[in-house]
Amino acid sequence: MIIAIDGTAASGKGTLGRNLAQSLGLAYLDTGQLYRAVGVAADARDIDIDAAPASDIASIAAELDLSQPFGDNLRTAHAAELASKVAAIPAVRAALVDKQRQFALNPPSGSGAILDGRDIGSVILPDADKKFFVDAAADIRAQRRFTELQAAGNECDFSEVLADIIKRDCRDKNRTIAPMTAVPDAFIIDSSDKNAEEVFRVAMDFLQEVPR
Ligand code: DC
């Protein structure tokens with residue numbers, strides 16, 4: 001069983017992915033972490049993402065080990081911004097394609113895999129058994145992210161969090177390479193008025209539907 005989950009930033013796709021993986025006994029990969037790890041590593045090496053040769057950043061992506069533990073330093077707003085920038089570089093995406101497909105085909109645990117990201121149903125796993133696209137109103141997503149950042153002890157301003165989310169969605173949706181998209185065969189979930197449990201229930205109902 002291979003499940004692709006795509007969606008906007010802070011839409012709840014990661015929580016859905018983790019909950020489904022746990023409940024169905026599948027391995028889970030948050031592919032946003034890969035782009036965050038590449039962006040943060042480039043930044044740590046003082047590489048200017050807007051100006052450096054694409055190959056310098058792609059070589060960081062090529063070295064990335066998916067089995068490493070991804071730290072909390074990747075969950076910051078700065079890491080998200082770096083991730084969205086490196087994610088628009090074709091050579092970076094190319095370096096990560098096979099790693100993601102290998103994870104899905106040979107999951108480290110469980111009887112299948114769930115990957116979440118922006119291009120999973122469209123590019124990485126177009127033949128996935130089931131696909132979801134999760135979205136919610138931007139102000140609601142910003143409120144969730146704001147609460148999360150505050151709980152983690154980060155100083156932040158709601159209007160900045162909202163502006164960051166809108167800017168990131170815009171970049172992710174409008175880039176030329178593998179833009180964020182809801183493929184026609186994705187089951188769309190609007191999580192604006194749903195908590196994590198409700199999103200999980202709706203997704204499980206879809207997975208358990210008997211095909212007619
Ligand atoms: O899901 P996230 O917020 O952790 O993703 C961080 C950034 O990485 C996001 O702005 C776009 C990029 N990304 C991508 O382009 N493709 C993916 N499959 C996953 C994330």
Side-chain angles (χ1 to χ4, degrees), residues 2-18 21 28-43 49-50 54 57-58 60-61 64 66 69-104 113-126 128 131-136 138 140-142 144-149 152 154 156 161-183 186 189 191 199:
I2 294 183
I3 299 177
I5 305 179
D6 291 299
T8 49
S11 59
K13 61 189 183 333
T15 304
L16 174 63
R18 277 187 295 277
Y28 167 68
L29 179 64
D30 170 357
T31 67
Q33 299 272 54
L34 312 183
Y35 295 94
R36 287 171 184 258
V38 172
V40 167
D43 198 41
I49 293 170
D50 296 315
I57 305 170
I60 298 176
L64 202 67
L66 268 51
F70 291 102
D72 282 349
N73 63 323
L74 301 184
R75 300 311 318 163
T76 65
H78 183 55
E81 177 68 9
L82 295 169
S84 180
K85 285 186 175 182
V86 299
I89 302 172
V92 169
R93 302 200 75 87
L96 295 175
V97 168
D98 277 349
K99 291 179 194 284
Q100 295 172 79
R101 288 189 183 144
Q102 279 311 314
F103 182 97
I114 301 184
L115 275 68
D116 92 51
R118 302 293 188 290
D119 64 337
I120 307 301
S122 56
V123 174
I124 304 296
L125 303 169
K131 298 179 185 177
F132 292 96
F133 189 88
V134 190
D135 196 6
I140 291 175
R141 291 185 286 122
R144 289 178 190 154
R145 190 46 56 85
F146 178 69
T147 309
E148 240 174 58
L149 288 168
N154 294 303
C156 52
V161 175
L162 177 60
D164 278 357
I165 280 198
I166 293 172
K167 185 168 72 173
R168 199 144 66 88
D169 282 351
C170 184
R171 192 187 288 127
D172 296 343
K173 208 183 301 176
N174 294 309
R175 66 183 177 222
T176 43
I177 175 101
M180 167 171 69
T181 185
V183 286
I189 301 178
S191 71
V199 170

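Whatever order the structure lists them in is the order used to number ligands and atoms, beginning at 1.
For residues 174-183, no pair satisfies side chain to side chain donor-acceptor pair (under 3.5 Å), with sequence neighbours left out.
Pocket lining of ligand 1, defined as residues with a non-hydrogen atom under 4.0 Å away: Lys13, Thr31, Gly32, Tyr35, Arg36, Ala83, Ser84, Ala87, Arg93, Gly117, Arg118, Asp119, Arg168, Asp172, Arg175.
Put simply, CD on Gln100 and CG on Leu34 are 5.5 Å apart, with the number rounded to the nearest 0.5 Å.
At a cut-off of 3.5 Å, with distance as the only test, a side-chain donor of Arg144 or Ser191 sits close to an acceptor on the other residue. Looking only at atom types and distance, the side chain of Gln33 has a donor-acceptor partner in the side chain of Arg75 under 3.5 Å away. Side-chain contact annotation: Asp135 with Thr8, donor-acceptor N/O pair under 3.5 Å present. Counted by atom type alone, Arg141 and Ser11 present zero donor-acceptor pairs between their side chains at under 3.5 Å.
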